[in-house]
A.B. asks: 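One structure, as structure tokens, below. Some questions next.
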Amino acid sequence: MIGWKWDFTAEILPRLGLATLNTLMAAGGGYAVALVLGLIFALAQRTPFRPLTVVTREVVEFIRSTPLLLQIFFIYYVGPQFGIRLSPWTAGLMAIGLHYAAYLSEVYRGGIEGVPKGQWEAARAINLSTVQTYRRIVIPQALPPALAGIGNYLVGIFKDTPMLSVIGVAELMHAANSIGAEHYRYLEPYTMVGLIFLAISLPTAWLVRRFETAVRRKLGLIK
Amino acid sequence: MTDDMSRYPLTLEGDDAPMVRFQNVTKKYGDLTVLDRLDLDVGAGEMVTIIGPSGSGKTTVLRMLMTLETIDSGVIYVDGEPLTHMERNGRLVRANAAHMRRMRSKIGMCFQHFNLFPHMTALGNCMEGPVQVLGMSKKEAEERALELLDMVGMAEKRDQHPARLSGGQQQRVAIARALAMRPKVMLFDEVTSALDPEVISEVTGVIRALVDQHNLTMLMVTHQMGFAREISDRVCFFFDGSIEEQGTPEMLFDSPEKERTQQFLSAVLEAN
Ligand SMILES: Nc1ncnc2c1ncn2[C@@H]1O[C@H](COP(=O)(O)OP(=O)(O)O)[C@@H](O)[C@H]1O
Ligand SMILES: [Mg+2]
């Protein structure tokens, strides 16, 4: 049972391929949730309304200080006790989206705080509203320095999708576990899962860098 | 606020009403009183220069007028109406955001460090306010922005981002950006202090042209005494949060009456 079996590998590949699509969907969906929710968390901490700022701050701290796995279990298994019954997919995307939103909000906040005070003042001097100031002046400048962090979390979220297997989301890890249990062979499925993750992570990280450079150039921040 | 608001008029009327009036304005940062019961009028079309030692409150005066700072007591009027306050049932109350936004449209400001928007071209910087705030069409805003860039000698650089412009060029674009909003009052806060000596004249030349061409009211803080003397209608010497002495450039520079003014001017002269 120690040798690598090519025919077995070939046999399980289609199944792993399908599961890869699910993994990509989970990562993409979770990321989309995290991007939007993260911005909301970041902006909520900057309103003049103190209670909102404090509550959001605490929520973000709480999420960042507890394990993702616990949050997944919590939403999926404890939710129904409060009448919130979610499918594995919905619960999974919510958990992973919420978790990464907390991290992304910190990246956004760092980016926003990095915009010099003089930019806010110049925006005020030409009478832009607060919303216009964020949309036209602050966020375009906060984004480029935050892009590296934002991009890294895309790779991070992708690598965390196997945790969704615990509530039965049929992504790669889940598929590899099932294959292993059915055939009493784990070498090939787990190795293949590792290779698939590598084959997606590395180019993604590279694309993220390229994208960051392109955005900076587009905004005239580099020549 | 223990200020008795009934002593401040609801509006300033009459032909001799100033464009800008600071009436009994106090500004504090914590325990530090930066401006102490300041009274200052600037007439329509007048160019008033503020000089004085560092920390005497010159920048704060401009920032309060631009609504970048709140005031602790007193009232600031612009163009006949209160800026920091508004009328409610025959009394002055603190201005709300909408009132300040309406009044702010009468004022433009240029900063020591230009504060151009780095992600926009020179042209984009000058179109931003007109399109977003004044609701102009892109075409109209572009025409107007180009006119102004031409006036400040920056039409050729219209498509450059600020990072590719020298300090003098950036400051000229910043002046065009402020003018594009058609303000009645322009504020200049040490707009040449961050510039290399050889490009200062690019910027002072533009301001000089503004004095000649437009019926703008201007309030300028500067350390360039020669320039202040040449273009000001009136010069105010600030010391420790209040006006120590003011008068025509000739009066203030040639025969200052107060000892502090004399000391300041001779110190500046020595430094140059
Ligand atoms: N945001 C602030 N917080 C605390 N003190 C300030 C602030 N801004 C200005 N000051 C103080 O107010 C005084 C006047 O400042 P400023 O108006 O900038 O002076 P000037 O422009 O004449 O050099 C200074 O003592 C300065 O340290
Ligand atoms: Mg100053």
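Here is how names work: the chains are called A, B, and so on, in the same order as the sequence lines, proteins then strands, and each is numbered from 1.
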A.B. asks: Out of B:Arg104, B:Met181, B:Gln160, return the one with the most heavy atom pairs under 4.5 angstrom to chain A.
C.D. replies: B:Arg104
A.B. asks: So which residue, B:Arg101, B:Glu128, B:Met100, ends up with the most heavy-atom pairs under 4.5 Å with chain A?
C.D. replies: B:Arg101
A.B. asks: Between B:Phe117 and chain A, which part of the residue has a heavy atom less than 4.5 Å away: side chain, backbone, both or neither?
C.D. replies: both
A.B. asks: Please determine whether salt bridge (charged side-chain N to carboxylate O under 4.0 Å, His left out) holds for the pair A:Glu212 and A:Arg216, giving the CA-CA distance in whole Å, both sets of side-chain angles, and the decisive distance to 0.1 Å.
C.D. replies: CA-CA 6 Å; A:Glu212 189 195 345; A:Arg216 276 177 192 273; 3.6 Å; yes
A.B. asks: Relative to chain B, which of A:Pro116, A:Ala123, A:Ser129 shows the most heavy atom pairs under 4.5 Å?
C.D. replies: A:Ser129
A.B. asks: Please check if the distance between the ring centroids of A:Trp120 and A:Tyr134 is under 6.0 Å.
C.D. replies: yes
A.B. asks: Give, as side chain, backbone, both or neither, the part of A:Gln132 having an atom under 4.5 angstrom from any heavy atom of chain B.
C.D. replies: side chain
A.B. asks: Could you look at B:Thr67 and say if it's the side chain, the backbone, both or neither that has a heavy atom under 4.5 Å from chain A?
C.D. replies: both
A.B. asks: Ion pair present between B:Arg144 and B:Glu140, side-chain N to carboxylate O less than 4.0 angstrom?
C.D. replies: no
A.B. asks: Step through the shown structure and confirm whether more than 12 heavy atoms of other residues, nucleotides or ligands are within 6.0 Å of CD on A:Gln81.
C.D. replies: no
A.B. asks: How about A:Met173 and A:Thr161: do any of their side-chain heavy atoms sit closer than 4.5 Å?
C.D. replies: no
A.B. asks: Could you check whether the rings of A:Phe197 and A:Phe158 sit parallel, tilted or perpendicular, using 30° and 60° as the cut-offs?
C.D. replies: tilted
A.B. asks: At a heavy-atom separation under 4.5 Å, does B:Leu187 approach chain A through its side chain, its backbone, both, or neither?
C.D. replies: neither
